[in-house]
*Asks:* 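Have a look at this one before I ask anything.
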Amino acid sequence: MGKSKKGPKDACIQFIDLLNQNNLNIHLTYNISKDAVDFLDLKLRKEEERISTSLFRKSTATNSLLHYQSFHPAHMKNGIPKAQFLRLRRNCTRVTDFKAASADLSSRFQNRGYPKKPISHAYQDAKGSDRTQLFTPKHKVRDGKIHLITRYNNQWTALYRILENHWYLLTSDQKSYVDNKPKIIARKAPSLKDQLVQSHFQRPTRKLGRGVKLKGTHLCGQCNICSFMLGQDCFTNGQELILYVLSNMLTAARDMLFMRLFAHARNCM
């Protein structure tokens, strides 16, 4: 990269006007100031011997906050205001700028159907937090719990309550093989867009064959039936000589009954 060169303000404006003379429907805007500059979502101001920051939103910005009636877990929707107000507290140097940005954010949350109670609690928590601590990255500590990942649906809350209230029945057995209650994680539910717009292209990846539809029998490495498997996508009945083609992936750990029939068919050959 070459070194940046200083030039007069009129030359910069003339250069931008020249770029705007195109047939591509592209128009560049600019804001030249000696005291403040907008960068991403920040407005940086020069104040004596330091630089202060505040929130910057474009005039064309829309209210894209997740609607409260959206089909998402309740704890996720209630956590969005807390994260957004902490973001304002971190980006605003002056308290007056934080209060002004918080008032606008509260209005946008209410327009998206959020109750006033979680908005107020999130604002008070962010207001009383130490701003210097918000710049310190937090290291995630692994708790060692097993994660139960399931697609979010209408029964997700009922499943959470069942495990919360009755998991002790599994651990109270003297010969219990289960550990502590797993951590339930909701996976994204299919939206209307996912139902209407689907791509037949599947990108292959290197991890676990994701994106590639595997067919035939495959070793699971967790049972004694793997020694009888050949890793084929078809098999023949020894008596009737009928060829059976496998259109899906089968493993002994997941399809135990079919694998036993498959091993029996091999012995009959």
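What you see below is based on every heavy atom in this structure, not just the backbone, and it leaves out hydrogens, waters and symmetry mates. All figures in this text were calculated on a predicted structure; none of them were measured in a lab.
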*Asks:* Taking atom NZ of Lys188 as the centre, report whether more than 12 heavy atoms of other residues, nucleotides or ligands fall under 6.0 Å from it.
*Replies:* yes
*Asks:* Given 3.5 Å as the limit, does a donor-acceptor pair link the side chain of Lys43 with the main chain of Ser52, or not?
*Replies:* no
*Asks:* Under 3.5 Å, side chain of Ser106 to main-chain N/O of Ser102, donor-acceptor pair present?
*Replies:* yes
*Asks:* When the ring centroid of Tyr30 is compared with that of Phe15, is the distance short of 6.0 Å?
*Replies:* no
*Asks:* Decide side-chain contact (heavy atoms from CB on, under 4.5 Å) for Phe85 and Phe109; before the verdict, give the C-alpha distance in whole Å, the side-chain angles of both, and the deciding distance to 0.1 Å.
*Replies:* CA-CA 11 Å; Phe85 280 107; Phe109 270 123; 4.2 Å; yes
*Asks:* Among Gln110, Arg87, Gln84, which residue satisfies the side chain to side chain contact (heavy atoms under 4.5 Å, CB included) criterion with Leu105?
*Replies:* Gln84
*Asks:* Would you tell me whether Asp35 and Ser33 have side-chain atoms, one donor and one acceptor, within less than 3.5 Å of each other?
*Replies:* no
*Asks:* Between Thr53 and Asn91, is there a donor-acceptor pair closer than 3.5 Å when you use the side chain of the first and the backbone of the second?
*Replies:* yes
*Asks:* Go through the steps to decide whether Cys12 and Ile32 satisfy the test side-chain contact (heavy atoms from CB on, under 4.5 Å), and finish with yes or no.
*Replies:* CA-CA 10 Å; Cys12 178; Ile32 301 177; 4.3 Å; yes
*Asks:* In Å and rounded to the nearest 0.5 Å, what is the CD1 to CG distance from Ile184 to Leu148?
*Replies:* 5.5 Å
*Asks:* Under a 3.5 Å threshold, yes or no: a donor from one side chain and an acceptor from the other, between Ser54 and Arg45?
*Replies:* yes
*Asks:* Just by modelled atom types, is the Gln14 backbone N or O under 3.5 Å from a matching donor or acceptor in the Asp10 side chain?
*Replies:* no
*Asks:* Are the side chain of Arg112 and the backbone N or O of Leu65 linked by a donor-acceptor pair below 3.5 Å?
*Replies:* yes
*Asks:* Starting from the C-alpha separation in whole Å, work towards a yes-or-no answer on side-chain contact (heavy atoms from CB on, under 4.5 Å) for Thr93 and Arg131.
*Replies:* CA-CA 9 Å; Thr93 304; Arg131 183 170 179 266; 3.5 Å; yes
*Asks:* If you count heavy atoms of other groups shown closer than 6.0 angstrom to OH of Tyr152, is the number above 12?
*Replies:* yes
*Asks:* For Arg108, does its backbone N or O pair with a side-chain atom of Asn63 as donor and acceptor, under 3.5 Å?
*Replies:* yes
*Asks:* Taking atom CZ as the centre, does Phe39 end up with more than 12 heavy-atom neighbours from other residues, nucleotides or ligands that are less than 6.0 angstrom away?
*Replies:* no
*Asks:* Please check: side-chain N/O of His67 versus main-chain N/O of Gln69, any donor-acceptor pairing under 3.5 Å?
*Replies:* yes
*Asks:* After noting the C-alpha distance and the side-chain angles of Tyr68 and Asn78, does the key distance pass the side chain to side chain donor-acceptor pair (under 3.5 Å) rule?
*Replies:* CA-CA 9 Å; Tyr68 198 76; Asn78 293 330; 3.0 Å; yes
*Asks:* Would you say Lys82 has more than 12 foreign heavy atoms packed within less than 6.0 Å of its NZ?
*Replies:* no
